[in-house]
Colleague: 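The structure follows.
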Amino acid sequence: MSSPASGSTDSRSFDLLDERIRRWIWREGWTELRDAQERAVPALIDADRDVIIAAATAAGKTEAAFLPILSNLLRDEPCSGSVLYISPLKALINDQWSRLDDLCEALEIPVTGWHGDVSSGRKQRFLKKPAGVLLITPESLEAMFVTRGSSLAATFGALRYVVVDELHAFIGSERGMQLQSLMQRVERVCARVVPRVGLSATLGDMRLAAEFLRPRAAQNVHIIESGSAGQELKILIKGYVEKPPRVHFEPDIENPGLEDVVPGSTVEVANHMYKALRGSNNLIFPNSRRQVELYADLLRRACERDGYPNEFWPHHGSLSKELREQTEQALKAGDRPASAVCTTTLELGIDIGAVKSVVQVGAPPSVASLRQRLGRSGRRKGEAAILRCYCVEAELHSDADLSDRLRESLVQSVAMVNLLLRGWFEPPRASGMHPSTLVQQVLSIVAERGGATASELWDTLVASGPFGAIDKATFAAILRSLGAKDLLVQEAGGLLLHGVAGERLVNHYEFYASFTTDDEFRIIAGAKVLGSLPVSRPLTAGQGIVFGGQRWRVQEVDAGKKTVYVKPDQGGVPPVFDGGGSLVHDEVRREMFNVLNDGQPVVFVDATGRELLEEARRFFASNELASRAVFTHGGSTILATWSGDWINDALVVLLRAEGLDAWNQGPTVSVRTSGADSVKDALQRIAALTPAQTRDALRAIGNIDNEKWDWTLPDDVKRSAYASLRLDMPGAQALASRLAAGWP
DNA sequence: GACCTGCTGCGGGGTG
């Protein structure tokens, strides 16, 4: 399509599009179809296969999917076919609605946005004439099944495609299982296969993505991968040493007794940021909402101090919609410089325009997330993407923690950047059982069909649905458990209906979401409430934890009351680690080992960072950590595992079940014990445990209710589900075996 | 030692 304006074209894909769409392309002044668009047209236009389109953020994925899809709809006049577009965010639906509506108005194809903020009038209009494009969230689609199950065959009768946007955001989560189940149920209602289309910017493992989009027939998914053209990347990691507090705030009302102060190094980081970023658009990612507020405040005050209008705006999940939109507007407007200080809220594809640089404060939560964040920078042609990282490390003293000695935050940042440069990132963990979401789908199908038999449920959800990891005995145990809790009752003929409790839960709007907002545990010491925090890592009585900058020992976990009782614990100052609480992958820890074992300077680290890195390397060398996996430090036996948190957490659970006081310290697992030999014996026993015995070890975990419907499950099912998501038991046993065999 | 996402039906009252 060298010159579409003249009507001559050398693009076969362009010729395949409906004439009215070709005219729209001319009017828009496009001179060519982008690579992904060119390839998507022939794959999609006949609605005869599943397709994944993976391309860089600005590569026009929406048009790549919709130009051929709308051409297909235009084969009938008036338009009678429909498309289901499913998005993880309401904000994305609103964005896409404005983009599509402009195009579709001229084509006389209706576009309907359908989510919680859309009026029921608009929804009714679609139901009366269910044609065109329906933009919807998984939760609203779930609601359609529950509240209008009997009329869905008519609603989706003319469905031609199911499009899933931001596919990567669904894989491996409860919401992803729900989405897979809903796609399956849509096809059941239509009584035929409907082509599925997945859109994503960052899908590392295409096989995994295809398996998610079309379980059991992934090999037939047509994959369109359009790589970004070797964009230049500029990286700088700056190191800082923690300085004593400089600015004091009022004590935190929520957490009485915990002094709230800003370390001098934070002020130093904010000042450097201010000088480097003022005058351009940037995204700044500290790792918590609290840090977001702190930096946004320091940066705003710096603007005030110098008499400039404010350029720094906070954005996170606890802020009101209005305040978030204010920040998004400031970034999008483009009339004056604006930077957002934000959490993962600005990671997904909401349109905020191009930014000059991306700033990471503390170690990134994952390489995948770092990559996604970086994709927001350097989106104009010829512009480099810029990444700045700030790492604050502790001032060392005689009883400094291992994490501080190894400069964990800095070394992890270097390791993650190395992996990013090599093109590696964490594959999604798609192996979770998610029986909680199975429960939701069971209750939902019973509502949709006005009752269902156990074998119908098995057939839809397990045999041909997404819950293939659940065996028949477990499925039966789950149904019995739902019966015992009065969520289901069985009629004489075998039909399952809602019990009284089930009826009540399904008929409330909270039912539609598969996930729950984080349950926070209250932390109580004696008579004093220290505060509360979400606890996703395994918690057992006797374990040591860090909270509010102090060390505590868990006395009791009361899962029912969502309370953890603790008492103060001796054992030095807690480490300064600002990497957030996310789980670190095995590959990242291996690369951290390599970074410490390597003598070469790291080119993208500044002078202070280099000194800190050299300190860590000297500690690594003097303890011979390159060849030794076991050593003692500060009265503890240290197991240098260099494993990810799924293995380390599992090893801790197993060691604690052996009666040892173990805890996960990141690159290492520490065991407080008088005799190292007792650790070796325990490791040998752990290596020899049967699967049933490792399941026994799970019994000590107090905070086992993890997902929304876990409370309805048999105890052993939810413990297995917990382990399938958060622990690598076989990996921990293999590690135990290696450690015992190489014992010094 | 963390972050994020989502939500119906109906009644009551006001406005056009």
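Residue numbering restarts at 1 for every chain, and letters A, B, ... go by the order of the sequence lines.
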Colleague: Protein-nucleotides 4-8 of chain B N/O pairs closer than 3.5 Å?
Modeller:
{"residue": "B/dC4", "atom": "OP1", "partner": "A/Gly317", "partner atom": "N", "Å": "2.4"}
{"residue": "B/dC4", "atom": "OP1", "partner": "A/Thr343", "partner atom": "OG1", "Å": "2.9"}
{"residue": "B/dC4", "atom": "OP2", "partner": "A/Arg289", "partner atom": "NH1", "Å": "3.0"}
{"residue": "B/dC4", "atom": "O4'", "partner": "A/Thr344", "partner atom": "OG1", "Å": "3.2"}
{"residue": "B/dT5", "atom": "OP1", "partner": "A/Arg324", "partner atom": "NH2", "Å": "2.3"}
{"residue": "B/dT5", "atom": "O3'", "partner": "A/Pro88", "partner atom": "O", "Å": "3.4"}
{"residue": "B/dT5", "atom": "O2", "partner": "A/Arg175", "partner atom": "NH1", "Å": "3.4"}
{"residue": "B/dG6", "atom": "OP1", "partner": "A/Lys90", "partner atom": "N", "Å": "2.6"}
{"residue": "B/dG6", "atom": "O3'", "partner": "A/Thr137", "partner atom": "OG1", "Å": "3.4"}
{"residue": "B/dC7", "atom": "OP1", "partner": "A/Gly116", "partner atom": "N", "Å": "3.0"}
{"residue": "B/dC7", "atom": "OP1", "partner": "A/Thr137", "partner atom": "OG1", "Å": "2.8"}
{"residue": "B/dC7", "atom": "OP1", "partner": "A/Ser140", "partner atom": "OG", "Å": "2.9"}
{"residue": "B/dC7", "atom": "OP2", "partner": "A/Gly116", "partner atom": "N", "Å": "3.3"}
{"residue": "B/dC7", "atom": "O2", "partner": "A/Tyr509", "partner atom": "O", "Å": "2.4"}
{"residue": "B/dC7", "atom": "O2", "partner": "A/Glu510", "partner atom": "N", "Å": "3.2"}
{"residue": "B/dT8", "atom": "OP1", "partner": "A/Ser140", "partner atom": "OG", "Å": "3.4"}

Colleague: State which residues pass side-chain hydrogen bond (donor to acceptor under 3.5 Å, both in side chains) with A/His498; sequence neighbours excluded, sorted by chain then number.
Modeller: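 Partners of A/His498 under the side-chain hydrogen bond (donor to acceptor under 3.5 Å, both in side chains) test: none.
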Colleague: Is it the case that the side chains of A/Thr345 and A/His315 hold a donor-acceptor pair, with the cut-off being a distance below 3.5 Å and no angle test?
Modeller: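 Side-chain D/A pair, A/His315 to A/Thr345: present.
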Colleague: Regarding A/Glu587 and A/Arg590, does a basic nitrogen lie under 4.0 Å from an acidic carboxylate oxygen?
Modeller: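 Yes, A/Glu587 and A/Arg590 are salt-bridged.
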Colleague: Take the protein atom CZ of A/Phe521 and the nucleotide atom P of B/dG1, then report the distance between them rounded to whole Å.
Modeller: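 Value for this atom pair: 17 Å.
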Colleague: How far apart are the C-alpha atoms of A/Arg726 and A/Asp649, what are their side-chain angles, what is the distance that settles it, and do they pass the salt bridge (charged side-chain N to carboxylate O under 4.0 Å, His left out) test?
Modeller: CA-CA 8 Å; A/Arg726 303 195 181 270; A/Asp649 281 346; over 6 Å; no
Colleague: State which residues pass side-chain hydrogen bond (donor to acceptor under 3.5 Å, both in side chains) with A/Asp645; sequence neighbours excluded, sorted by chain then number.
Modeller: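 Applying side-chain hydrogen bond (donor to acceptor under 3.5 Å, both in side chains) to A/Asp645 gives A/Arg589, A/Asn664.
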Colleague: A/Ser436: what forms a side-chain hydrogen bond (donor to acceptor under 3.5 Å, both in side chains) with it, not counting sequence neighbours?
Modeller: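 Here no residue qualifies.
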Colleague: Are any protein N/O atoms closer than 3.5 Å to N/O atoms in nucleotides 11-16 of chain B? If there are, list each pair with its distance.
Modeller:
none

Colleague: By a strict heavy-atom criterion of less than 4.0 Å, which residues belonging to residues 435-442 of chain A are in contact with DNA chain B?
Modeller: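 When residues 435-442 of chain A is checked for heavy atoms under 4.0 Å from DNA chain B, there are no hits whatsoever.
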Colleague: Quick one: A/Arg726 CZ to B/dG1 C1', roughly how many Å, whole number?
Modeller: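 So the two atoms are 13 Å apart, to the nearest Å.
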Colleague: Mind checking whether A/Tyr240 and A/Tyr390 have parallel, tilted or perpendicular rings, split at 30° and 60°?
Modeller: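 A/Tyr240 and A/Tyr390: tilted rings.
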Colleague: Write down the distance between CG (A/Leu346) and P (B/dC3), rounded to a whole number of angstrom.
Modeller: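 Answer to the nearest Å: 15 Å.
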Colleague: Should A/Arg373 and A/Glu347 be marked as a salt bridge (charged side-chain N to carboxylate O under 4.0 Å, His left out) after you check the CA-CA gap, both sets of side-chain angles, and the distance that decides it?
Modeller: CA-CA 6 Å; A/Arg373 292 172 180 186; A/Glu347 242 179 58; 2.8 Å; yes
Colleague: Looking only at the side chains, is there a donor atom on one of A/Glu174 and A/Ser514 sitting less than 3.5 Å from an acceptor on the other?
Modeller: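 No, no side-chain donor-acceptor pair sits under 3.5 Å.
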Colleague: Verify whether one side chain among A/Thr62 and A/Gln96 offers a donor that lies under 3.5 Å from an acceptor in the other.
Modeller: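 Present: a donor and an acceptor within the cut-off.
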